[in-house]
Structure formats: structure tokens, C-alpha cells
Amino acid sequence: MESSDSKRFFSMELLGWYRKARRDLPWRRSRDPYHIWVSEIMLQQTRVDTVIPYFNRFVDRFPSIERLAEAPEEDVLKHWEGLGYYSRARNLQAAAREVAEQYGGVVPSGKKEVSGLKGVGPYTAGAILSIAYNQPEPAVDGNVMRVLSRYFCLEDDIARPSTRIGMEGLAQELIPEGEAADFNQALMELGALICTPKSPSCTECPVTDMCLARLQGRERELPVKTKAKKAKPVYRFAALVEGTGPHAGKVLVRQRSETGLLARMWELPHIEVSDADAWEDSSMGKQRLETALADDGVRIQAKEQIIGEAQHIFTHLIWNIRVLPAVAAEEYVADRTAYEWVGPEQFENYAWPNVFRKLLTEYFIRAMNS
DNA sequence: AACGCGGGGAG
DNA sequence: CTCCCAGCGTT
């Protein structure tokens, strides 16, 4: 069998399958390039089911590029809360401002222009150009690499950038004339619904008859991907500083730095200790917390008692956090803008990483019941 | 090329 | 537990 026949079969069968099997997703209800763009950013490393409610809230609150461009950055971040990879939100708004100023508020349809937008890489550029503008550009993500690896029995390591480059060439060849939008989505839809990572549903697959991996019984061995290394545990103490007087019923929180991990999100003030042994010593935690906050101009008195514990898991890091109670000293000042008092009424106005949302919610509920 | 960056669902 | 998801930016 000629390879070109195999390719034609793949493209035609896949497209036919997609016309019937495509899911009704919010961003498929129009070809509004802005909606396509927002959805593609949200879908980076994030499942469809997770994205749907975020997408609906986001386009409801920011219905146009202009409205997104003019919104307060805090507001954008708030609508991203819980979705992860927060630089996506910051980059999306920066890019929206660029589109508003440079391109008259219209998502550009040129490859160079789209690729130049912040947060838009090779995959997202291809997705926007093909889905919104039906241009024959490949959009190669994890789904596509898995599908192509299996169908063509390709053993290249998909963790390597060079493999993605090669797949882009192949994926572009496969696009039927004038069908870029549906075909690219069909490829990803197959990867998401049928050609899944662990146990592909080959009996329901429209291209199973010519899938080389399937014919060799090797579909579960592909794609080849080198492993990432294990996440490293770190240990931290957080202070739950209860306010008094004008701050009664409130808790002291602070905003994280402009860049890096969880940029600009809010947290309980906390410090990192050297290892698991140090984490067992809450009297040291108390001392370290008081000293560290004093360095920030915040005078507090902590206790050794542990009133909360939580874990936050990142790809590369695991935070283990123990919470110690504290009160602000008489001469508490802290004119640092990073620190604020927050009560249950203001809680939802701040963007929290899940771990601090959990700890604070627990605290406020306990406080309310006592 | 390697690493940092979140959170959640599936097996 | 592990894997991995409609990846990108930085170094």
C-alpha cells in the first residue's frame, strides 16, 4: 500500500468521523477569532471539561478584545483563578492590548503577526489560523503527536522539539484542501475521545484499519516519550495572623511578587524551612516567621500550636505547609502595599492558589461557628 | 535542550 | 501513586 493512499484514507475517514462525532463546545458555536484565541490559550495543558466553565465566564465578563484590553489586570487574574499557569492570563491581556492598538482590535490573520503575540507559540498560532481563518497551517499538540505516532508507527521521542517540527510537516500534508479548520479539530478530537493515552478505543476508531501501530498490536507502546523527573518536596510554615480592633475578624495576607511562581496571587505570609526535620520543629517555625515578617515591617507574635496543614502540588515542587496562629503586635504598622487584612466579605475579591483558599476557608468557617 | 509554570482527571 | 492534558517563555 502506497503511503499516499494511507494518508488520503486517514484524512478523509477522520474528517467524515468528525462531522458526526464532534462535541458541541462553547468555542465551536462561532468562528469569532477572539473566542477561538481565548479557548486555545485556556486549553494549553488543560482539559476541555475544565476549560468550559472558565471560558463561559471569561467571554461573558470580557466580551471583546477591547473590553479585555481595558480591564484591570486583577480582574483578569481573578477570572483565571484555579485554572493554573497564570502567565497565560497576563500574556493574553498584554496581547489583547497589542491587538487593540496595533491591529484595530482584530486578531491578525498573518502567521508572523499571530505568532508574535504573547503566549502564542507554534501550536496556538496554527490553531488560530486554521480554526478561525481556515488557513492550511498545522496545529500540533500532544493529542496530534499521539495520533500520528500511532497511525504511522513513528517511534521518535515526542518530548523532543525536533519531533514536533517533523510532525508539523506531516500534519500539514494531511490537511485536505479547504478543510483546515475541521481537519485540525478532528485530529485533536480523535486524540481526546478515541486515541487516548492509556487505553485507546481502537474498535471505535475511524482509521483503525490502516493504523500501523494497531496492525502491529503496538498502539499501547506509542507514542515514545521520555520521563520527567520527580517533584521535590519543600517544607513551609505559614502564619495565620488574626486582626484586632479595626481589623477584628480579618486575617493578614500578602500578595506574591510580580514574577515567578504563582505571580501576583495572594497567600498567607509564610517561610520555607530547610527540610522535613525542620518542619517538625514548630518552635523554630514560630521564630522564623516572626523574624521574616519583622523584616517586612510587620510585627507579629506567633504560637507553636499547629492549627492547619495542607499540601500544594506543582509539576516540579510539592509544598508542605503547616499553619501557626499569630496576632499582630500593638505597634503593627506595615505600610507595605503587599500586605492586607482580609475578612470573609473580601475573600472572593482576591485570587488565591488552591492551598490558601482551602486554609482560609477552613479558618473562616471555624471562626464563624465559634 | 532543559527547566519553570497549575490544577485536575484517569487508571 | 503515575501520567498527562488543545504549550509557552526563558535561559
Side-chain angles (χ1 to χ4, degrees), chain A residues 22-23 25-28 35-55 77 80-92 94-95 114-132 137-147 157-165 167-168 171 181 183-193 195-201 220 223 225-232 256-257 259-265 311-319 351-358:
Chain A
R22 72 197 295 265
R23 288 170 290 180
L25 303 174
W27 48 90
R28 283 184 180 161
H35 286 190
I36 305 295
W37 179 22
V38 171
S39 72
E40 290 302 338
I41 300 298
M42 287 187 170
L43 286 161
Q44 288 167 7
Q45 295 298 98
T46 312
R47 293 169 194 281
V48 165
D49 290 342
T50 306
V51 166
I52 290 172
Y54 282 92
F55 175 83
L77 187 61
W80 213 271
E81 182 191 271
L83 198 54
Y85 286 124
Y86 298 97
S87 64
R88 292 186 297 178
R90 194 166 61 245
N91 288 337
L92 177 59
V114 177
S115 302
L117 297 174
K118 283 191 175 180
V120 177
Y123 162 75
T124 306
I128 293 171
L129 293 173
S130 62
I131 299 172
E137 291 290 333
V140 174
D141 67 347
N143 282 316
V144 174
M145 287 199 282
R146 184 171 59 255
V147 169
D157 179 3
I158 63 167
R160 299 168 60 87
S162 59
T163 302
R164 198 208 72 233
I165 305 287
M167 296 255 182
E168 284 173 346
F183 178 76
N184 282 354
Q185 292 182 85
L187 258 179
M188 295 186 276
E189 197 83 338
L190 189 75
L193 299 180
C195 198
T196 54
K198 293 295 174 59
S199 49
S201 307
R220 303 182 80 115
K225 185 178 183 182
T226 54
K227 294 188 195 338
K229 61 179 188 179
K230 271 185 55 181
K232 176 189 165 199
R256 295 180 61 81
S257 73
T259 57
L261 187 65
L262 300 172
R264 297 180 209 192
M265 299 195 77
Q311 199 175 49
H312 198 73
I313 300 173
F314 302 88
T315 308
H316 59 298
L317 218 52
I318 300 176
W319 282 0
W352 310 99
N354 276 359
V355 65
F356 293 111
R357 164 172 292 277
K358 170 179 176 291

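Chain letters run A, B, ... following the sequence lines, proteins first and then strands; every chain starts at 1.
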query: Does the pair A/V48 and A/W27 meet the rule for a side chain to side chain contact (heavy atoms under 4.5 Å, CB included), with working shown?
result: CA-CA 11 Å; A/V48 165; A/W27 48 90; 4.2 Å; yes

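At least one side-chain heavy atom of A/V140 sits under 4.5 Å from a side-chain heavy atom of A/M145.
For the pair A/R160 and A/Q45, both in contact range of DNA chain B, the more 5′-proximal nearest nucleotide belongs to A/R160.
Scored by the salt bridge (Lys or Arg N to Asp or Glu O under 4.0 Å) test, A/R88 finds no partners at all (sequence neighbours excluded). Contacts of A/S39 classified as side-chain hydrogen bond (donor to acceptor under 3.5 Å, both in side chains), with partners at least two apart in sequence or in another chain: none. By the ring pair (Phe, Tyr, Trp, His ring centres under 6.0 Å) test, A/H312 pairs with A/F314, A/W319, sequence neighbours left out. Taking A/F183 as the reference, nothing meets the ring pair (Phe, Tyr, Trp, His ring centres under 6.0 Å) condition, with sequence neighbours excluded. Under the salt bridge (Lys or Arg N to Asp or Glu O under 4.0 Å) criterion, A/R90 pairs with no residue at all, not counting sequence neighbours. Listed by chain and number, the residues in a ring pair (Phe, Tyr, Trp, His ring centres under 6.0 Å) with A/W37 amount to none (sequence neighbours excluded). Partners of A/Y86 under the side-chain hydrogen bond (donor to acceptor under 3.5 Å, both in side chains) rule, at least two apart in sequence or in another chain, do not exist in this structure. Taking the salt bridge (Lys or Arg N to Asp or Glu O under 4.0 Å) definition, one finds that A/R28 meets it with A/E189, sequence neighbours left out. Applying the ring pair (Phe, Tyr, Trp, His ring centres under 6.0 Å) rule to A/Y54 yields no partners; only residues at least two apart in sequence or on another chain are considered.
Between A/H312 atom NE2 and B/dG6 atom P the separation is 8 Å, expressed in whole Å. When rounded to the nearest whole Å, the span between CD1 of A/I131 and P of C/dA6 equals 13 Å. One atom, CD of A/Q311, and another, P of B/dG6, lie 17 Å apart when rounded to the nearest Å. Note: CG (A/L43) to C1' (C/dA6) measures 5 Å, nearest angstrom. Summarising the geometry, the separation between CG on A/N184 and P on C/dG7 is reported as 13 Å, rounded to the nearest angstrom. Between the C1' atom of B/dG6 and the CZ atom of A/R256 lies a distance of 12 Å, rounded to the nearest Å. Rounded to whole Å, atom P of B/dC5 lies 17 Å from atom CG of A/L83. Taking atom CD1 of A/I158 as the reference point, atom P of B/dA1 lies 15 Å away to the nearest angstrom.
Counting any heavy atom pair closer than 4.0 Å across all strands shown, A/L25 reaches a base atom. If you check every strand for non-hydrogen atoms under 4.0 Å, A/W27 touches a base. Residue A/S87 is out of contact with every strand shown, counting any heavy-atom pair closer than 4.0 Å.
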What protein N or O atoms touch nucleotides 8-11 of chain C N or O atoms at under 3.5 angstrom, if any, and at what distances?
from  : atom 1 : to     : atom 2 : distance (Å)
C/dC8 : OP1    : A/G121 : N      : 2.8
C/dC8 : OP1    : A/G121 : O      : 3.3
C/dC8 : OP1    : A/T124 : N      : 2.9
C/dC8 : OP1    : A/T124 : OG1    : 2.7
C/dC8 : OP2    : A/Y123 : N      : 3.4
C/dG9 : OP1    : A/G119 : N      : 2.4
C/dG9 : OP1    : A/V120 : N      : 3.4

Between the protein and nucleotides 8-11 of chain B, are there any N/O to N/O pairs under 3.5 Å, and if so, what are the atom names and distances?
from  : atom 1 : to     : atom 2 : distance (Å)
B/dG8 : OP1    : A/N354 : ND2    : 3.2
B/dG8 : OP2    : A/N354 : ND2    : 2.8
B/dG8 : N2     : A/R47  : NE     : 3.4
B/dG8 : N2     : A/R47  : NH2    : 3.0

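Comparing B/dG6, B/dA1, C/dA6 against the side chain of A/R23 picks out C/dA6 as the nearest. Considering only side-chain atoms of A/P197, the nucleotide from C/dG7, B/dG7, C/dC4 that sits closest is C/dC4. With B/dG7, C/dA6, C/dG7 as the choices, the nucleotide that has an atom nearest any side-chain atom of A/Y86 turns out to be B/dG7.
Comparing the C1' positions of B/dG6 and C/dC5 gives a spacing of 12 Å, expressed to the nearest Å. For the C1' atoms, the distance from C/dG9 to B/dG8 is 23 Å, rounded to whole Å. Atom C1' of B/dC5 sits at a distance of 15 Å from the matching atom of C/dC4, rounded to the whole Å. For the C1' atoms, the distance linking B/dG7 with C/dT10 amounts to 22 Å, nearest Å.
A/L43 contributes atom CG, which lies 9.0 Å from atom CZ of A/F55 (distance to the nearest 0.5 angstrom).
Using a 4.0 Å cutoff on non-hydrogen atoms, no part of residues 138-147 of chain A comes near DNA chain B.
The closest donor-acceptor contact from the side chain of A/S130 to the backbone of A/G126 lies under 3.5 Å.
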